[in-house]
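To start, the structure itself, in structure tokens.
Atoms within each ligand, like the ligands themselves, are counted from 1 in listed order. The residues of the chain are indexed from 1 along the displayed sequence.
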Amino acid sequence: MTDPRIPVHGNLIDGTWQEAMSGELFPSTDPADGRRVLAAHAASGPGDIAEAVAAARRAQPAWRATPAPRRGEILFRFAGLLAEHKERLALQVVHEMGKVLAEARGDVQEAIDIAYLMAGEGRRMAGETVRSELPDKWAMSVREPLGVAGLITPWNFPTAIPMWKAMPALVAGNTIVLKPASATPGCAVLLAELLVEAGFPPGTVNLVTGSGEMAGAELVDNPDVPVISFTGSAETGRTIAARAGRRLKRLSLELGGKNAILVAEDADLELAVEGILWSAFGTTGQRCTAASRVIVVDAVADRLVERLVERTRALRVGPGIDPATEVGPLISAAARERTEAYLGIGIADGARHLCGGERPADPALAHGWYLTPAILDGVDPMSRVGQEEVFGPLLSIIRVPDLDAAVPAANQVAYGLSSSIYTQDLATAFRMMSALTTGLVYVNAGTIGAETHLPFGGMRASGNGHREAGHAALDTYTEWKAIYVDYSGRLQRAQIDNQPAPGDGAPGGRSPGR
Ligand code: NDP
């Protein structure tokens with residue numbers, strides 16, 4: 001990192017870019033060629049987090065006092081800047097995270113979509129106005145910001161996920177401190193530069209890079225950060241929940257998945273194959289919503305599997321920047337080893353290895369974290385590979401006699417994020433929409449492809465009940481305040497005055513005849 005050609009990036013605190021107090025740096029590298037250092041970033045510690053939180057805290061009263069429609073206008077300007085810089089951001093995603101260019105553009109588009117959606121919330125952000133039970137009294141509810149929001153994000157959607165959190169937090173009147181994943185700090189730096197350019201006042205948006213154990217944990221522990229929004233692994237989610245719980249913080253967790261695609265006897269098999277390939281091997285299987293299980297009824301299993309293997313073998317593995325590439329590298333050497341280990345575990349547990357799981361022989365790919373997409377057949381739904389999140393290009397086929405057996409197989413996992421059913425029968429589709437216990441359900445589409453104006457999140461160990469995106473995202477970053485205005489000029493007692501007289505038979509009154 002002493003190479004002067006390598007760009008050096010600091011933290012954004014109180015509107016200025018500054019190096020970490022320690023002066024230390026860490027590298028970001030290219031998963032397509034692990035030798036390639038892209039940039040050096042501030043390795044921040046507790047002092048940097050404390051400074052960023054203090055700046056965010058100072059900025060919050062003025063930001064909160066800025067009318068929400070005006071805040072929304074800054075988000076709107078930011079959305080426009082994102083659109084203008086879409087290609088530059090997408091290229092950064094390709095080089096830093098490894099996904100193929102088309103998907104990287106999709107990542108940035110999600111950030112644009114949520115920015116426009118939340119810009120509109122500046123004028124919507126509705127509360128309720130309801131009739132009081134008492135005369136001459138007004139009753140309504142409004143959303144209030146919480147203060148400083150701490151945002152901790154993963155590497156797999158390095159532009160979308162930080163903005164899924166930042167946009168609702170900001171439009172609601174909170175200020176933010178973002179701690180991005182250490183694998184993708186460069187994407188966060190670009191986003192922060194555009195946020196400044198859009199006109200967010202100094203201190204409103206702060207970025208601190210550094211390790212989760214140091215910077216992330218400190219953000220969670222800081223008493224001046226009342227709300228933490230985290231996306232990442234269930235393991236880290238549990239650690240954060242314990243720490244945040246001790247301080248009674250608001251905490252939104254978006255964790256992993258073990259998502260299944262069900263294939264019924266009457267499914268359009270070609271359509272199902274397309275959806276399975278896209279969901280299992282898109283983003284090299286590194287989506288929380290990736291399909292890692294296909295649960296197929298015996299009657300069509302052989303035909304589906306044969307076609308799936310043929311198409312999987314033909315997928316082109318390579319660098320994301322090559323337009324012909326369909327499957328890019330994994331994020332790191334460790335992520336590739338983890339997927340290889342799960343392949344071994346599945347085989348040892350009795351599954352049949354149908355294809356993939358090799359490091360490509362092409363010498364041009366020798367220094368990237370590549371792995372050919374793999375399929376295991378005859379997987380026991382209760383085995384480790386049938387239950388645990390892999391987060392790589394490994395698909396398990398689970399065969400079942402009928403859909404009645406498919407439903408428990410799909411639902412009996414710790415996670416509950418996404419699921420899908422391929423069928424041409426309307427009644428089956430509706431039955432499955434109700435029977436599948438996941439936060440997202442798709443009919444005749446794969447398990448990925450959520451849109452930003454609907455709530456996103458999972459059941460069971462996929463989260464803690466909060467949702468991102470849609471209007472629901474505002475719930476994480478706001479507190480409800482109920483307001484009563486009594487203009488009667490006399491004492492009015494709720495639940496006591498203006499009640500039915502005893503004996504008139506109304507609820508709360510004595511029953512007639514007694
Ligand atoms: P991690 O949980 O390892 O990291 C996520 C973020 O948390 C990173 O910024 C990380 O920093 C930080 N972090 C790590 N340890 C701590 C800690 N003790 N305290 C505070 N922050 C910490 O997940 P990955 O980044 O490896 O992402 C992959 C995982 O995330 C997968 O399991 C996937 O299922 C899940 N995920 C879920 C999504 C969802 O919406 N449900 C979306 C995307 C991913 P650092 O990078 O420095 O370690």
- Can you name the closest pair of heavy atoms from R238 and A461 and give their distance? NH2-CB, 4.5 Å
- Message: Quick check on the 6.0 Å ring-centre criterion: do F200 and W63 meet it?
- Response: yes
- Task: Flag the pair W155 / F391 as yes when their ring centroid distance falls below 6.0 Å, and as no otherwise.
- Result: yes
- Task: Would you please classify the geometry between the H41 ring and the F26 ring as parallel, tilted or perpendicular, with 30° and 60° separating the classes?
- Result: tilted
- With side-chain contact (heavy atoms from CB on, under 4.5 Å) as the test, would you mind laying out the steps for E340 and R359 before giving the verdict? CA-CA 10 Å; E340 289 170 333; R359 299 182 181 195; 2.8 Å; yes
- Task: Report yes or no: is the cationic atom of K99 (NZ for Lys, CZ for Arg) under 6.0 Å from the centre of the six-membered ring of F157, at an angle within 45° of the ring normal?
- Result: yes
- Per the under 4.0 Å non-hydrogen criterion, ligand 1 touches I152, T153, P154, W155, N156, I161, K179, P180, A181, S182, G210, S211, G212, G216, A217, F230, T231, G232, S233, T236, I240, E254, L255, G256, C288, E389, F391, F456
